[in-house]
Amino acid sequence: MPELRVGEHRWSVPAASNLLDALNEAGYAVPYSCRAGNCHACLVHCLEGQPEDAMPEALSSEQREQGWRLACQCRVNGDLQVAVFDPLTDGLPARVCELDWFGDVLRLRLQPERPLRYQAGQHLVLWQQGVARPYSLASLPGEDRFLEFHLDCRLPGAFCDKARHLVVGDGLRLGELRGGALHYDAGWQDRPLWLLAAGTGLGPLWGILREALRQGHQGEIKVMHVARDRQGHYLAGPLNELASRYPQVNVCCVTAEALEEALAGLCPSSRQTVALACGAPGSVEQFARRLFIAGVPRNQVFADVFTEHA
């Protein structure tokens, strides 16, 4: 059987073992989210040996040459030595500076020990008492003096269970910053922009919306937020306030049962429309299907899928 090594720890694993599972079963708590090669939360550094990689195109050639791999996409078929992120030595300390509950959604604001350079829409891995999960940033770099995250705590989960007991002043560790599919491009300024979110998928799009306005976006911006019920529209107030200040912004808050009807009314005013979608797999699939029917070109649709965390 192949031998897997992290530091001085060596152990044997069955051939073709998934690298992410093998590391987590050994107690290394490698974070993950999508398990599809999209979120890049499970990045590990291969020092000796090469795993079988099912998705080499997910990383840049430079990253691959440096030995980085996505653990969720790799299988161990030979001896392999890897280095994993250690939050105690590699993590950036941060303190909880604000906690606000909107139903089952926790708005978590953190003050890092030193400023962090990031872009709206990126992910950051949060570590709390040995549990790590990637979350999208909802804050706006350069304007917000904190890092903001929106956590859906409706269902049990290792990280959410701990987050429910956080108090102002508690410490966390910040892991590596990841680039996601969602971003704002300055070249889109005159193009229609659709931001389609379900649940806390609104978090990264809230940051991207404000980034677009900060960069002087002139085209129409259509924001659609889908929630289980009206109480789930946790940013309805701030969104409507922005819409009142910027005539190009239109906000539509719909419940899940009314989603299909609302999507049927989406008709792009231009073939240049750019769409960003974020949320649970089923919602993003609905968004993508409607965008295809509406004629938005696939290369103008950017999606980030949130999965439930164990």
Side-chain angles (χ1 to χ4, degrees), residues 1-94 116-118 122-137 156-162 171-181 281 303-310:
M1 291 194 299
E3 181 181 80
L4 193 54
R5 177 182 173 188
V6 178
E8 297 303 315
H9 182 200
R10 301 170 181 262
W11 72 102
S12 296
V13 300
S17 292
N18 178 270
L19 179 56
L20 175 62
D21 292 338
L23 291 170
N24 282 337
E25 288 169 4
Y28 285 99
V30 177
Y32 65 91
S33 179
C34 69
R35 297 189 71 106
N38 297 321
C39 72
H40 291 199
C42 62
L43 203 64
V44 296
H45 195 191
C46 294
L47 304 177
E48 291 185 13
Q50 291 294 333
E52 179 185 335
D53 192 344
M55 192 179 288
E57 70 277 6
L59 297 176
S60 68
S61 57
E62 181 180 5
Q63 287 175 304
R64 291 185 56 78
E65 289 171 4
Q66 293 172 351
W68 295 104
R69 296 292 185 272
L70 297 178
C72 73
Q73 297 300 308
C74 291
R75 296 197 173 277
V76 184
N77 283 316
D79 292 349
L80 183 66
Q81 180 182 0
V82 302
V84 298
F85 182 85
D86 183 348
L88 295 180
T89 58
D90 303 325
L92 175 64
L116 182 69
R117 297 182 62 183
Y118 66 96
Q122 286 190 287
H123 307 148
L124 191 62
V125 177
L126 305 185
W127 291 77
Q128 167 72 355
Q129 298 178 356
V131 177
R133 290 293 182 267
Y135 287 98
S136 293
L137 285 148
F159 192 91
C160 285
D161 290 347
K162 294 182 181 297
L172 289 86
R173 291 272 173 166
L174 307 180
E176 295 186 54
L177 190 67
R178 315 292 193 198
D304 201 351
V305 176
F306 286 1
T307 56
E308 294 177 359
H309 299 308

CG-OH distance between L124 and Y118, expressed to the nearest 0.5 angstrom: 9.5 Å
Pairs touching residues 69-80 that satisfy side chain to side chain donor-acceptor pair (under 3.5 Å), sequence neighbours left out: Q50-R69, E52-N77
Between CG on residue L59 and CH2 on residue W68, distance to nearest 0.5 Å: 10.0 Å
For the student: nearest non-hydrogen atoms of P281 and V305, plus distance: CG-CG1, 3.5 Å
Under 3.5 Å donor-acceptor, R173 side chain and G91 backbone: yes
More than 12 heavy atoms from other groups under 6.0 Å of CD on E57: yes
Where D304 and H123 come nearest, the two heavy atoms and their spacing: OD2-NE2, 2.7 Å
Stepwise side-chain contact (heavy atoms from CB on, under 4.5 Å) check, L43 with L70: CA-CA 5 Å; L43 203 64; L70 297 178; 3.5 Å; yes
CA sep, side-chain torsions, deciding dist, call: D53, R64, side-chain contact (heavy atoms from CB on, under 4.5 Å): CA-CA 11 Å; D53 192 344; R64 291 185 56 78; 2.6 Å; yes
Contact summary for P14 and P2, nearest pair of heavy atoms: C-CD, 4.1 Å
Heavy-atom pair with the smallest gap, counting every atom of L47 and A83: CD1-CB, 4.0 Å
Closest non-hydrogen atom pair, C72 against N18: O-ND2, 3.0 Å
side-chain contact (heavy atoms from CB on, under 4.5 Å) between D161 and V131, intermediate numbers included: CA-CA 10 Å; D161 290 347; V131 177; over 6 Å; no
Atom of N24, atom of V30 and distance for their closest heavy-atom approach: OD1-N, 2.6 Å
Single hit among Q129, Q128, K162 for side-chain contact (heavy atoms from CB on, under 4.5 Å) with L172: Q128
Nearest-0.5 Å distance, CD of residue Q66 to OG of residue S61: 9.5 Å
Qualifying residues under salt bridge (Lys or Arg N to Asp or Glu O under 4.0 Å), relative to E8, sequence neighbours excluded: R5
